[in-house]
Amino acid sequence: MPELPEVETIVRNLREGENFSLPGRKIQSVDLLWDRTLAFPERENFLTRLPERQVAGVERRGKYILLRLDQGCLLIHLRMSGDVRVEPSFDVDGGRRASALHDRLLFYFEDATRLAFNDTRKFGRVWLVDSPDQVLKDLGPEPLSEDFTASLLAEGLRKHKRQVKPLLLDQSFLAGMGNIYTDEALHLAGIHPARQSDSLTEEEVDRLWAAIRHVLSEGIRQNGSSIDWVYRGGGFQNYFRVYRRVGLPCPVCGTKIVRVVVGQRGTHFCPLCQPLRS
DNA sequence: CCTGAAACCTGTCTGC
DNA sequence: TGCAGACAGGTTTCAG
């Protein structure tokens with residue numbers, strides 16, 4: 001589930017959800033159910049350092065969730081199938097609530113609630129570090145920040161000679177884009193996903209810049225996208241123009257949407273609106 | 001520098 | 001029904 005809009009939605013809910021908010025809670029104990037979920041530090045260090053730590057704030061950077069603690073910072077990357085839940089620690093009978101299928105890490109708080117990290121495919125990772133920069137140092141700009149201008153995008157695209165879609169997916173180029181929002185942005189901008197990055201005209205770059213910001217903002221406004229069994233709650237899938245719409249008509253021209261593979265990723269586009277040569 | 005393949009994992013869906 | 005194969009919202013590492 002996790003591209004920028006889905007992670008942003010999760011972060012907002014953790015920070016100030018309907019029935020809960022993480023800031024202010026103090027960790028009592030931690031249960032690590034799948035060792036490889038932990039990227040840093042080693043198990044013993046992680047388990048002994050966390051009790052008594054208090055959550056100071058919740059932030060997002062790219063696709064990372066940041067839990068700022070009174071000492072140190074927890075980073076969570078959901079990768080393909082990760083998710084988090086907040087729920088009571090105990091059942092009605094007073095016993096500790098059993099973990100759910102595919103729960104990998106549980107944080108128990110002093111107020112009898114817990115945060116569960118659930119991840120079917122085990123790709124997700126968690127870090128506990130003094131400074132988040134240790135993990136985030138190679139990330140590109142935040143696409144929705146004021147720093148990310150059309151001319152900055154133009155400069156970046158010019159600097160490389162790569163297919164534009166894999167470049168947009170490269171987190172050191174731009175932080176937060178994933179397969180869905182990249183396909184959607186390229187369609188909105190009328191750019192073929194395999195176009196060479198340094199071949200885009202100024203007009204095309206401007207359209208791409210606006211399209212990236214538009215699809216991400218709309219994604220957040222819709223609380224992300226829900227597809228298959230993974231994510232629930234979001235509604236942006238109702239507005240997909242090309243993603244997983246093979247054979248269905250392009251919303252602009254009616255041509256059938258096709259699927260190809262670009263940079264090892266399933267890629268959806270309109271052959272008429274997104275020609276390979278402009 | 002760029003591209004593609006493979007690895008890390010589990011689950012679902014499709015076609016024979 | 002069973003089974004093989006493709007595919008899934010991500011990232012890293014390695015070969016050419």
Side-chain angles (χ1 to χ4, degrees), chain A residues 1-11 33-40 60-65 75-84 100-105 117-127 135-140 143 156-186 193-199 212 215-216 218-220 222-247 258-268:
Chain A
M1 64 193 213
E3 298 182 34
L4 188 154
E6 289 74 33
V7 178
E8 177 65 24
T9 302
I10 288 167
V11 162
L33 281 52
W34 179 253
D35 275 356
R36 300 196 60 183
T37 292
L38 188 55
F40 186 89
R60 177 190 62 74
R61 173 78 171 98
K63 300 174 191 173
Y64 290 82
I65 299 168
L75 294 136
I76 303 173
H77 198 303
L78 305 170
R79 294 278 177 94
M80 290 288 266
S81 57
D83 194 10
V84 293
L101 185 64
H102 305 314
D103 277 354
R104 308 301 179 197
L105 180 58
F117 172 67
N118 186 281
D119 184 18
T120 304
R121 293 178 68 182
K122 300 176 174 170
F123 290 162
R125 292 291 181 269
V126 172
W127 295 255
V135 180
L136 308 177
K137 59 180 164 49
D138 290 330
L139 282 185
L157 291 168
R158 241 184 293 119
K159 246 185 2 209
H160 297 276
K161 227 185 178 71
R162 293 176 61 181
Q163 295 180 311
V164 64
K165 170 166 173 176
L167 186 55
L168 292 176
L169 287 173
D170 185 335
Q171 301 300 296
S172 66
F173 180 79
L174 190 59
M177 295 290 283
N179 211 32
I180 293 177
Y181 294 91
T182 302
D183 278 4
E184 293 297 309
L186 287 168
R195 282 281 299 283
Q196 200 171 278
S197 59
D198 64 350
S199 79
I212 288 168
V215 296
L216 292 177
E218 281 302 296
I220 292 171
Q222 298 295 331
N223 297 314
S225 315
S226 319
I227 304 177
D228 296 341
W229 79 103
V230 189
Y231 191 67
R232 69 282 160 223
F236 192 64
Q237 69 281 2
N238 299 319
Y239 300 89
F240 286 171
R241 306 156 63 96
V242 289
Y243 187 76
R244 291 212 193 172
R245 288 176 46 83
V246 180
V258 300
R259 177 188 181 279
V260 296
V261 174
V262 177
Q264 343 271 102
R265 308 300 301 276
T267 297
H268 316 77

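All values below were derived from every heavy atom in this structure, side-chain atoms included, with hydrogens, water molecules and symmetry-related copies excluded. In what follows, chains are A, B, ... by sequence order, proteins preceding strands, each numbered from 1.
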When the distance from CD of A/Glu6 to C1' of C/dA8 is rounded to whole Å, what number comes out? 14 Å
Measuring from A/Leu4:CG to A/Ile220:CD1, what's the distance to the nearest 0.5 Å? 5.5 Å
Could you tell me whether the phosphate oxygens of B/dG11, OP1 or OP2, come under 4.0 Å of any side-chain nitrogen or oxygen in A/His102? yes
For A/Tyr243, run the side chain to side chain contact (heavy atoms under 4.5 Å, CB included) check against A/Arg259, A/Gln237, A/His268 and tell me which one passes. A/His268
What base-paired stems does DNA chain C take part in, with at least 3 consecutive Watson-Crick or G-U wobble pairs and both distances under 3.5 Å? B:2-8 with C:10-16, B:10-16 with C:2-8
Got a sec, which residues hit ring pair (Phe, Tyr, Trp, His ring centres under 6.0 Å) with A/Phe123, two or more places apart in sequence or on another chain? none
Any chance you could measure A/Leu78, atom CG, to A/Glu3, atom CD, to the nearest 0.5 Å? 12.0 Å
Of the candidates B/dC9, C/dA8, B/dG11, the side chain of A/Lys122 sits closest to B/dC9
Indicate, with a heavy-atom threshold strictly under 4.0 Å, whether A/Arg104 touches base, sugar-phosphate, or nothing. nothing
Drop me the distance from A/Arg241's CZ to A/Leu186's CG, to the nearest 0.5 angstrom. 11.5 Å
Just how far, in rounded Å, is P of B/dC1 from CZ of A/Arg158? 18 Å
Roughly how many Å is it from CG in A/Leu167 to C1' in B/dC2, rounded to a whole number? 11 Å
From CD of A/Gln196 over to P of B/dC2, roughly how many Å is that when rounded to an integer? 10 Å
Whole-Å distance separating the CG atom of A/Leu78 from the C1' atom of B/dC8: 16 Å
Between atom CD1 in A/Ile227 and atom C1' in C/dA8, what is the gap in whole Å? 9 Å
What's the closest nucleotide to the A/Gln264 side chain, out of C/dG9, B/dC9, B/dA6? B/dA6
d(A/Lys165 NZ, A/Ser197 OG) to nearest 0.5 Å is 15.5 Å
Taking the C1' atom of each, how far is C/dC3 from B/dC8, in whole Å? 24 Å
Whole-Å distance separating the CH2 atom of A/Trp34 from the C1' atom of B/dT10: 11 Å
Could you tell me whether the side chain of A/Leu169 reaches within less than 4.5 Å of the side chain of A/Arg265, counting heavy atoms only? yes
Think A/His160 has a side-chain N or O under 4.0 angstrom from the OP1 or OP2 of B/dC2? yes
Distance check: side-chain N/O of A/Tyr243 vs OP1/OP2 of C/dG9, anything under 4.0 Å? yes
Apply the side chain to side chain donor-acceptor pair (under 3.5 Å) test between A/Asp198 and each candidate in A/Lys161, A/His160, A/Arg158, A/Lys159; give the one that qualifies. A/Lys161
Side-chain touch A/Pro5/A/Tyr181, heavy atoms, less than 4.5 angstrom: yes
Please report the distance, rounded to the nearest Å, between CG in A/Leu4 and C1' in C/dG9. 13 Å
Quick one: which of B/dT10, B/dC2, B/dC8 gets closest to the side chain of A/Lys161? B/dC2
Considering only atom C1', compute the distance from B/dC1 to C/dG10 and round it to an integer number of Å. 23 Å
In whole angstrom, give me the gap between the C1' atoms of B/dC2 and C/dG9. 25 Å
Let me have a per-nucleotide readout for nucleotides 10-16 of chain C, 5' to 3', with B, S or -, counting only protein heavy atoms under 4.0 Å. BS-----
Among A/Val215, A/Val242, A/Val262, which residue meets the side chain to side chain contact (heavy atoms under 4.5 Å, CB included) test with A/Asp183? A/Val242
Between B/dC9 and C/dA4, how far apart are the two P atoms, rounded to whole Å? 22 Å
Taking any heavy-atom pair under 4.0 Å as a contact, classify A/Arg36: base, sugar-phosphate, or nothing. sugar-phosphate
